[in-house]
Amino acid sequence: QVQLVESGGGLVQAGGSLRLSCAASGRTFSRYTMAWFRQAPGKEREFVAGISWSSGRTYYADSVKGRFTISRDNAKNTVYLQMYSLKPEDTGVYYCAGDTTAAVPRTAQSYDYWGQGTQVTVSS
């Protein structure tokens, strides 16, 4: 079992950058596929990026490809989301999620573990 705590959200102007962090408890973090999702008001939670524990491959939503980078540091039990060239449509609550699958599912229901979320607001 793993517990997840996000940090790093905030208010930023369009074109700016932020780095989100997700700290995980537990000794088996390296065996968890990790992902970031986001949810805007009135919208469903959507996949942003994910990284497989087994292959290290990364996957991105088309809307963030080329602007966001997901990475992990297993020694620190932490996964990051570096966000550049932020747009107002990136605004939402960003959630860290984890699961033991080796694949990187893009559906929220596929993940067993979730953080509490961190707010990202991009002003125009």
Side-chain angles (χ1 to χ4, degrees):
Q1 193 167 0
V2 64
Q3 292 182 326
L4 306 173
V5 178
E6 302 97 333
S7 61
L11 173 64
V12 64
Q13 288 188 332
S17 62
L18 281 174
R19 188 176 81 155
L20 305 183
S21 299
C22 173
S25 65
R27 294 177 292 177
T28 59
F29 172 77
S30 61
R31 301 296 290 267
Y32 281 79
T33 282
M34 301 300 297
W36 289 93
F37 285 75
R38 67 187 180 190
Q39 188 166 19
K43 294 189 176 182
E44 292 187 355
R45 195 168 296 190
E46 65 173 356
F47 174 84
V48 175
I51 182 166
S52 168
W53 72 262
S54 63
S55 67
R57 289 188 64 180
T58 57
Y59 301 83
Y60 298 92
D62 288 343
S63 59
V64 307
K65 202 171 292 183
R67 300 188 297 122
F68 291 10
T69 301
I70 187 171
S71 62
R72 66 191 299 160
D73 185 338
N74 289 336
K76 296 182 178 180
N77 278 14
T78 302
V79 62
Y80 304 97
L81 184 69
Q82 179 68 57
M83 305 185 292
Y84 295 106
S85 302
L86 283 161
K87 305 175 181 180
E89 51 264 43
D90 294 319
T91 294
V93 178
Y94 282 68
Y95 297 91
C96 175
D99 197 81
T100 55
T101 176
V104 181
R106 293 175 180 250
T107 56
Q109 297 88 332
S110 299
Y111 292 84
D112 287 336
Y113 302 102
W114 291 87
Q116 82 289 350
T118 185
Q119 176 71 45
V120 171
T121 303
V122 184
S123 63
S124 58

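In what follows, residues are counted from 1 in the order of the sequence shown.
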Check: Thr33 side chain, Ala103 main-chain N or O, donor-acceptor pair, under 3.5 Å: yes
Is the closest side-chain heavy-atom distance between Gln119 and Thr91 below 4.5 Å? yes
Got Val104 and Arg57 here, is their nearest side-chain heavy-atom distance under 4.5 Å? no
Rounded to the nearest 0.5 Å, what's the gap from OH on Tyr84 to CG on Leu18? Could you check? 11.0 Å
Is there a donor-acceptor contact under 3.5 Å from the side chain of Thr78 to the main chain of Lys76? yes
Salt bridge check, Asp90 against Lys87: does any charged N sit closer than 4.0 Å to a carboxylate O? no
Can you hop from Val93 to Met34 via hydrophobic side chains spaced under 4.5 Å? no
Ignoring hydrogens and geometry, is there a side-chain-to-backbone donor-acceptor pair from Gln39 to Gly92 under 3.5 Å? no
If you define the side chain from C-beta out and look only at heavy atoms, does anything of Leu20 sit under 4.5 Å from Tyr95? no
Asp112 backbone acceptor or donor facing Asp99 side chain under 3.5 Å: yes
Derivation and outcome, side-chain hydrogen bond (donor to acceptor under 3.5 Å, both in side chains), residues Arg38 and Tyr94: CA-CA 4 Å; Arg38 67 187 180 190; Tyr94 282 68; 3.0 Å; yes
Out of curiosity, Asn77 CG to Ser30 OG, how far, rounded to the nearest 0.5 Å? 8.0 Å
Taking the side chain as every heavy atom from C-beta outward, state whether Val79 and Ile70 have any atom pair closer than 4.5 Å. yes
With sequence neighbours left out, what residues match Phe37 under ring pair (Phe, Tyr, Trp, His ring centres under 6.0 Å)? Phe47, Tyr111, Trp114
Establish, for the pair Arg67 and Tyr60, whether the NZ or CZ atom is under 6.0 angstrom from the six-membered ring centre and no further than 45 degrees off its axis. no
Go through the steps to decide whether Tyr32 and Tyr113 satisfy the test side chain to side chain contact (heavy atoms under 4.5 Å, CB included), and finish with yes or no. CA-CA 10 Å; Tyr32 281 79; Tyr113 302 102; 3.7 Å; yes
Under the disulfide bond (SG atoms under 2.5 Å apart) definition, can you give me all pairs with a residue in residues 32-116, not counting sequence neighbours? Cys22-Cys96
A cation-pi test, strictly: NZ or CZ of Arg19 under 6.0 Å from the centre of the six-membered ring of Tyr80 and no more than 45 degrees from its axis. Yes or no? yes
